2 protein chains.
Amino acid sequence: MKLSEFETEVLQVFWQHPKASAPSVHKIITNNKAVTYSTVKTIIDRLEKKGALQRVDQQGRTIFYAPTASADSMRKPMLNNFINKVFAGDSRLLMNHLLENDSLSQDDLDYLNKVANKNKATE
Amino acid sequence: MKLSEFETEVLQVFWQHPKASAPSVHKIITNNKAVTYSTVKTIIDRLEKKGALQRVDQQGRTIFYAPTASADSMRKPMLNNFINKVFAGDSRLLMNHLLENDSLSQDDLDYLNKVANKNKATE
DNA sequence: TATTTATCTTGACACTTGTAGAGATAGCGA
DNA sequence: TCGCTATCTCTACAAGTGTCAAGATAAATA
């Protein structure tokens, strides 16, 4: 199931708010980006058609949607694809970027250390 | 400069082989994917038009291209965009996936540990 | 030199994506 | 009950994307 940039962004909102309606997602999206309700609704429709969202409830005229798969299970192949596409399939290269950028706080690094060591212990 | 999926893939090849020609890139790409020379050349043309590639040499009729920017400098914003789009801007979430998947070897983990610690020391 | 061949250029096309307006209509409040 | 309003549905369109064939032509080779 191939999703476009914007479709991914919208699905993202649903990962954060499972069971959301088009109007509410529109409100959230508009925090970052100026788009009309129609646009967001179209994207939701496409996500539904692609099988990434499903209707799970209805209140009045308002339809509520939810992701059909967990964020984790969708992120996995996306990450893989990204690593292949941008980092020549080399996760270590990605890590390096993560570490070089200031994107990780000291806290993150500590956390990283802990997990990396834990993995080591259990192998 | 926004690049499409396939454009990114092709640019990737140039990061690995700076100064490459359309025919040679075509050969490389066809290892993974069945596409004609024309298709690859079109993508290269578009990358040139977008300013990601430039002509740097010519031998006979064969034109050689090279990336206009370093892999690193292009990867940075791409990674950022990806983290925002798929991981809600949370790099830690990304790391978790990296660690959970078997995408990292023990060797990678050791390496990770070393770097994370080094960063710690210098902060 | 004449011919073959490799490479480039151009044009094309269907599909996807981002974007949104117009119109229908169900439900809520007066 | 009746009109207003929020929400949905439908339709549309320009630009971007993946894909390639046909034709031109320069260079290599016979």
Side-chain angles (χ1 to χ4, degrees), chain A residues 1-14 17 19-66 74 78 81-82 84-86, chain B residues 1-14 17 19-66 74 78 81-82 84-86:
Chain A
M1 183 197 336
K2 189 159 169 37
L3 303 186
S4 78
E5 185 99 0
F6 195 18
E7 281 165 2
T8 308
E9 249 173 87
V10 169
L11 183 56
Q12 176 68 211
V13 174
F14 281 94
H17 309 78
K19 197 178 168 188
S21 68
S24 72
V25 171
H26 175 233
K27 263 164 219 139
I28 294 170
I29 293 278
T30 2
N31 288 337
N32 305 320
K33 193 176 181 177
V35 278
T36 65
Y37 167 81
S38 270
T39 299
V40 173
K41 182 58 162 66
T42 299
I43 297 298
I44 290 176
D45 289 345
R46 289 181 185 163
L47 282 169
E48 194 191 2
K49 179 170 272 177
K50 288 188 179 183
L53 288 179
Q54 64 190 142
R55 299 172 181 225
V56 290
D57 196 7
Q58 177 148 7
Q59 287 169 27
R61 297 200 75 200
T62 312
I63 300 158
F64 288 79
Y65 301 83
M74 299 236 59
M78 286 180 186
N81 178 261
F82 179 74
N84 284 327
K85 193 176 57 187
V86 177
Chain B
M1 184 198 332
K2 191 159 166 36
L3 303 185
S4 78
E5 185 99 0
F6 196 17
E7 282 164 0
T8 308
E9 250 174 86
V10 169
L11 183 55
Q12 175 66 210
V13 174
F14 281 95
H17 308 78
K19 196 176 166 190
S21 67
S24 73
V25 171
H26 175 234
K27 264 164 220 138
I28 294 169
I29 293 279
T30 2
N31 287 337
N32 305 319
K33 192 177 181 176
V35 279
T36 66
Y37 166 81
S38 272
T39 300
V40 173
K41 183 56 161 65
T42 299
I43 297 300
I44 290 176
D45 289 345
R46 287 179 187 164
L47 281 169
E48 194 191 1
K49 179 171 270 175
K50 288 188 179 184
L53 288 179
Q54 63 189 147
R55 297 171 182 225
V56 290
D57 196 7
Q58 178 148 6
Q59 287 170 26
R61 299 199 73 200
T62 314
I63 301 158
F64 288 79
Y65 302 83
M74 300 237 59
M78 286 180 186
N81 177 261
F82 178 74
N84 284 329
K85 191 176 60 187
V86 177

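Only a predicted model underlies this, so the values are computations on that prediction, with no experimental measurement involved. Lettering of chains follows the sequences in order, A, B, ..., and the numbering in each one begins at 1.
Residue A/Arg46 holds its CZ atom at 12.0 Å from NZ of A/Lys41, rounded to the nearest 0.5 Å. To the nearest 0.5 Å, the span separating OG on B/Ser4 from CD on B/Glu9 amounts to 9.0 Å.
With distances taken from any side-chain atom of A/Ser38 to the nucleotides C/dA22, C/dT17, D/dT7, the minimum falls on C/dA22. The listed nucleotides are C/dT19, C/dT7, C/dA12; the one nearest the side chain of B/Arg46 is C/dA12.
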A/Leu47/A/Phe6 under side chain to side chain contact (heavy atoms under 4.5 Å, CB included): CA gap, chis, key distance, verdict: CA-CA 10 Å; A/Leu47 282 169; A/Phe6 195 18; over 6 Å; no
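Nearest-nucleotide positions on DNA chain C for A/Leu3 and A/Val35 put A/Leu3 closer to the 5' end.
The two residues A/Ala52 and A/Leu11 make their nearest non-hydrogen contact at O-CD1, 4.1 Å. Here the closest heavy-atom approach between residue A/Ala20 and residue A/Val25 is recorded as CB-CG2, 3.8 Å.
The shortest distance between the side-chain N/O atoms of A/Thr36 and the OP1/OP2 oxygens of C/dT19 is not below 4.0 Å. Within the structure, every side-chain polar atom (N or O) of A/Lys2 is placed at least 4.0 Å from both OP1 and OP2 of C/dT16. A sub-4.0 Å separation between OP1 or OP2 of C/dT19 and a side-chain N or O of A/Thr42 is absent.
Per the geometry, CG belonging to B/Asp45 stands 13 Å off C1' belonging to D/dC20, to the nearest Å. If you measure from atom CD1 of B/Ile43 to atom P of D/dG16, you get 14 Å, rounded to the nearest angstrom. In this structure, A/Glu7 places its CD atom 10 Å from P of C/dT16, rounding to the nearest Å. Separating the CD atom of A/Glu5 from the C1' atom of D/dA15 is a distance of 15 Å, rounded to the nearest angstrom. Atom-to-atom, NZ of B/Lys41 to P of C/dT7 comes out at 12 Å; the value is rounded to the nearest Å. Rounded to whole Å, atom P of D/dT19 lies 14 Å from atom CD1 of B/Ile44.
A cation-pi geometry, defined here as NZ or CZ lying under 6.0 Å from the six-membered ring centre and within 45° of its normal, does not hold between A/Lys85 and B/Phe82.
With B/Glu7 as reference, B/Lys50 is the one residue of B/Lys50, B/Lys2, B/Lys49 to meet the salt bridge (Lys or Arg N to Asp or Glu O under 4.0 Å) rule.
No donor-acceptor distance shorter than 3.5 angstrom exists from the side chain of A/Glu48 to the backbone of A/Leu53, with no hydrogens or angles considered.
Residues from residues 25-34 of chain A that place a heavy atom under 4.0 Å from any atom of DNA chain D: there are none. Residues from residues 48-64 of chain A with heavy atoms under 4.0 angstrom of DNA chain D, sorted by number: A/Arg55, A/Arg61, A/Thr62, A/Ile63.
In summary, the side chains of B/Thr36 and B/Thr39 do present a donor paired with an acceptor at a separation below 3.5 Å, with no hydrogens or angles considered.
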